[in-house]
Amino acid sequence: MARTLELPYDASTGCAERHAWFERLRPLGWAAFLDSGDRARTGGRYDILAAGPVASLVSREGRCEIRRDGYATPFAGSAFAALRSLLEGAAPGDAAWPIAGGAIGYFGYELGRAVARLPAAKPGASAFMPEAAVGLYAWTVVVDHAEKRAALTSLAGFPDGEAEALRERFLAGEPAAREPFRVTGEVASTLEREAYLPRAARIIDYIRAGDTYQVNLTREFRLAYRGDAWEFYRHLHDTNPSPMGAFLEYPFGSVLSSSPERLMTVEGREAVTQPIKGTRRRRADPAEDARVRADLAASAKDRAENVMIVDLLRNDFGRVCEPGSVAAPRLCDLESFATVHHLVSEVTGRLAPGRDGVDLLEACFPGGSITGAPKRRAMEIIDELEPHRREVYCGAIGYATPAGRLDMNIPIRTTLAAQGELRFYAGGGIVADSSPEAEFEETEVKIAAIRRALARFSAGGAPHPAKAAMRRELLAARDALFSGGSAGFSATITARLREMTEYRRARTVLSTVSFGTEWDTRAFAEGVLADGKVLVLPRVVREPRSLTLHAVADLGADLVPGVWGIEEPDPARCPQVPISQVDFALVPALSCSGEGVRLGYGAGYFDRLLAGAGTRTFRVVALPEPLVRDRVPFEPHDVPVDALLTEQRLIRTKPPK
């Protein structure tokens, strides 16, 4: 058996060096990072890194090939059978770790077309990436955040000398320089509101006609980009960690997944799946967040959707598990993630003799939570109504080992990067009492984290390196500071803002609603209305990329989910207000210096807005004292503010107007 080599684990940073290890191994090709996120926020345990596979399988247009030793051989069976063939002959390594070499990769949703007896190719849509791509890796780096250990593990027979050389590679050297990631276009969807709503209504008609009980309708989003997608993934990891994340890099493109949902785990003959159905957006204020949690927990509609999928999965498990072994020990448990709350259930079973994890993967594929019930009819309706291919989205990402262990996610919250284009997706289960409008808004909630992350990279030109480093540091500091909520700070800073002379004189006040979640600004917005002033909130406009301002009279009735998943004014209800009419502007920022130089989120929207403010508008940043910095990098397009307010002091960067 190959020797396992320990790697250093810095407990103070949660083994932050694993990202540098991954960057050093990327040049080996087919680099894979299975990411459990931030353990304190996700509860995840293992990260798995690998690159340079000794063999690989790729499935395109229903045809598989396996490549070994530089030679590609067609494989006559399915991609799932090809996975089993890929693992044949590989000898298990150290059993003390979940994986010691093995197969890592993805199986795309389109593989399910054969299962549902759909046409091999979706009419009107061409393939963006192969239907499946899996590498067989002789070695893996495993990071165990529970035990605070890391090791280089490998298949039996992997030479000790090669393992030592790899270890040295991880621990030394500079990663290769790569082009910075930038978004170069605007987000467009295959199903905007006017196209989505009649399709959702059509599904309800099918349900009422008895064709099906539930159908998952998905929207696809596209956006041009350039540069290194790994930089974008790192930002997603920092701002929206998930327990089943992944970054997979291939010659044909990359897969970036922030999925919270596990499709299945198989160890020996024991199998588990954890379907998710039911979603609510998290709130910055703990009391409001608790109200949203309670609403989800009590929702009969969401629980009914979840239970339907549990029944479907029990049936899928029953196809390959021992009779009587399938159970549902957890039903509709409420779990919280970085940006959303979900209802999560659990189905377990024991594989029948002669069956393995690959059999179960094929039996359950694609997952019932992202198709509907009955599965085959739901997939037929999906194929009729969705104009796009789902690609990797809603398939499976994970690993399988020669020892019989298998762990796969369902790649929701997943972005594909290839050919200069990003594609990402969001969907939801539609049932008989669904509201098409509400289902559309739920898809906006689900992609909010990706939209916010993309906004960070949407400014023209390359990002300022010092600002990028400072943003990363401040995001971590802010999250730690507000880990227990921001209600206390919000109450204190709101009172101090309302005491300012410039605020008392103002008739029209610009605020935001939890912009970037730096602190819950809703209390301030409510105070503005209570003081009888005109409250103005921003709305993101895609083309031209800008902010428009609108007067809001009712925070309950006048707001709708916006482009970044942040509540924005409904333009149909709220009149537009020019920035020149704003007397007092509370400006969002990650940090600010005593000179009035603010560090924003990188998209430049507020700088462009404030550039047209003129002398009438008093601009203030309000921050916790620990987030203030002596100096913030300044660029020509930056617009300084007039004052910096913390819970301890007020710094006027210009004489009061």
Side-chain angles (χ1 to χ4, degrees), residues 29-32 34 50-90 101-122 125-138 155 246 248-255 257 263-264 266 319-320 355-367 371 379 383 389-402 404-411 414 416 418-419:
W30 280 59
L34 303 184
V54 294
S56 62
L57 80 84
V58 173
S59 175
R60 287 186 174 90
E61 299 178 351
R63 294 185 295 273
C64 293
E65 69 173 27
I66 293 178
R67 181 176 292 272
R68 297 181 191 269
D69 303 320
Y71 295 96
T73 304
F75 184 84
S78 70
F80 304 105
L83 170 62
R84 188 179 286 110
S85 177
L86 195 69
L87 288 167
E88 285 178 0
I104 302 174
Y106 75 80
F107 295 86
Y109 175 88
E110 306 305 323
L111 293 173
R113 301 184 69 83
V115 177
R117 301 178 188 173
L118 296 172
K122 181 173 177 63
S126 58
F128 188 59
M129 296 180 77
E131 288 93 31
V134 182
L136 176 64
Y137 298 88
L155 297 173
L248 307 176
E249 189 170 45
Y250 301 103
F252 49 79
S254 299
V255 180
S257 181
L263 174 59
M264 66 178 62
V266 177
R319 293 165 58 191
V320 294
R355 297 289 196 168
D356 62 13
V358 178
D359 289 317
L360 184 64
L361 175 61
E362 188 167 14
C364 294
F365 195 90
T371 53
M379 292 180 70
D383 204 47
R389 287 165 51 102
R390 292 191 178 186
E391 303 287 344
V392 181
Y393 176 73
C394 293
I397 296 174
Y399 70 86
T401 75
R405 182 177 172 85
L406 182 144
D407 196 0
M408 294 279 171
N409 81 359
I410 296 182
T414 294
L416 309 182
Q419 307 166 42

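Since the structure is predicted, the reported quantities are computational estimates derived from the model, not experimental observations.
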| said: Please determine whether side-chain contact (heavy atoms from CB on, under 4.5 Å) holds for the pair M129 and V255, giving the CA-CA distance in whole Å, both sets of side-chain angles, and the decisive distance to 0.1 Å. | reply: CA-CA 10 Å; M129 296 180 77; V255 180; 4.0 Å; yes

What's the separation between atom [atom1] in [X] and atom [atom2] in [Y], rounded to the nearest 0.5 Å?
| X | Y | atom1 | atom2 | result |
| --- | --- | --- | --- | --- |
| R355 | R319 | CZ | CZ | 8.5 Å |
| I410 | F365 | CD1 | CZ | 9.0 Å |
| L155 | L87 | CG | CG | 9.0 Å |
| Y106 | L248 | OH | CG | 8.5 Å |

Donor-acceptor pair, [X] side chain versus [Y] backbone, under 3.5 Å?
| X | Y | result |
| --- | --- | --- |
| E391 | F128 | yes |
| R390 | Y109 | no |
| R68 | L86 | yes |

| Set of salt bridge (charged side-chain N to carboxylate O under 4.0 Å, His left out) partners for E249, sequence neighbours left out |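 Once residues adjacent in sequence are excluded, the partners of E249 under the salt bridge (charged side-chain N to carboxylate O under 4.0 Å, His left out) criterion are R26.
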
| said: Show, in sequence, the C-alpha distance, side-chain angles and deciding distance for I104 and Y137, and conclude whether the side-chain contact (heavy atoms from CB on, under 4.5 Å) test is met. | reply: CA-CA 7 Å; I104 302 174; Y137 298 88; 3.7 Å; yes

Decide yes or no for [X] and [Y]: does some side-chain heavy atom of the first lie under 4.5 Å from some side-chain heavy atom of the second?
| X | Y | answer |
| --- | --- | --- |
| S257 | Y393 | no |
| Y399 | L34 | yes |
| C394 | P366 | no |

| said: Would E362 and V320 count as a side-chain contact (heavy atoms from CB on, under 4.5 Å) here? Give the steps. | reply: CA-CA 10 Å; E362 188 167 14; V320 294; over 6 Å; no

| task | Could you label the plane-to-plane angle of the F80 and F107 rings as parallel, tilted or perpendicular, counting under 30° as parallel and over 60° as perpendicular? | result |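 Judged by the thresholds at 30° and 60°, the geometry between F80 and F107 is parallel.
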
Identify the two heavy atoms, one from [X] and one from [Y], that lie closest to each other, and give their separation to 0.1 Å.
| X | Y | result |
| --- | --- | --- |
| P53 | G135 | CB-CA, 3.9 Å |
| R113 | D383 | NH1-OD1, 2.8 Å |
| A246 | I397 | CB-CG2, 3.8 Å |
| M379 | G112 | CE-O, 3.4 Å |
| A82 | I66 | O-CD1, 3.9 Å |
| M264 | L360 | CE-O, 3.6 Å |

| task | Applying side chain to side chain donor-acceptor pair (under 3.5 Å), name anything that partners R84, two or more places apart in sequence or on another chain. | result |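 Testing R84 for side chain to side chain donor-acceptor pair (under 3.5 Å), a comparison that skips the adjacent residues, returns D356, D359.
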
| field | side-chain contact (heavy atoms from CB on, under 4.5 Å) involving S59 - partner list, sequence neighbours excluded | value |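 Residues passing side-chain contact (heavy atoms from CB on, under 4.5 Å) with S59: C64, A79, L111, E131, A132.
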
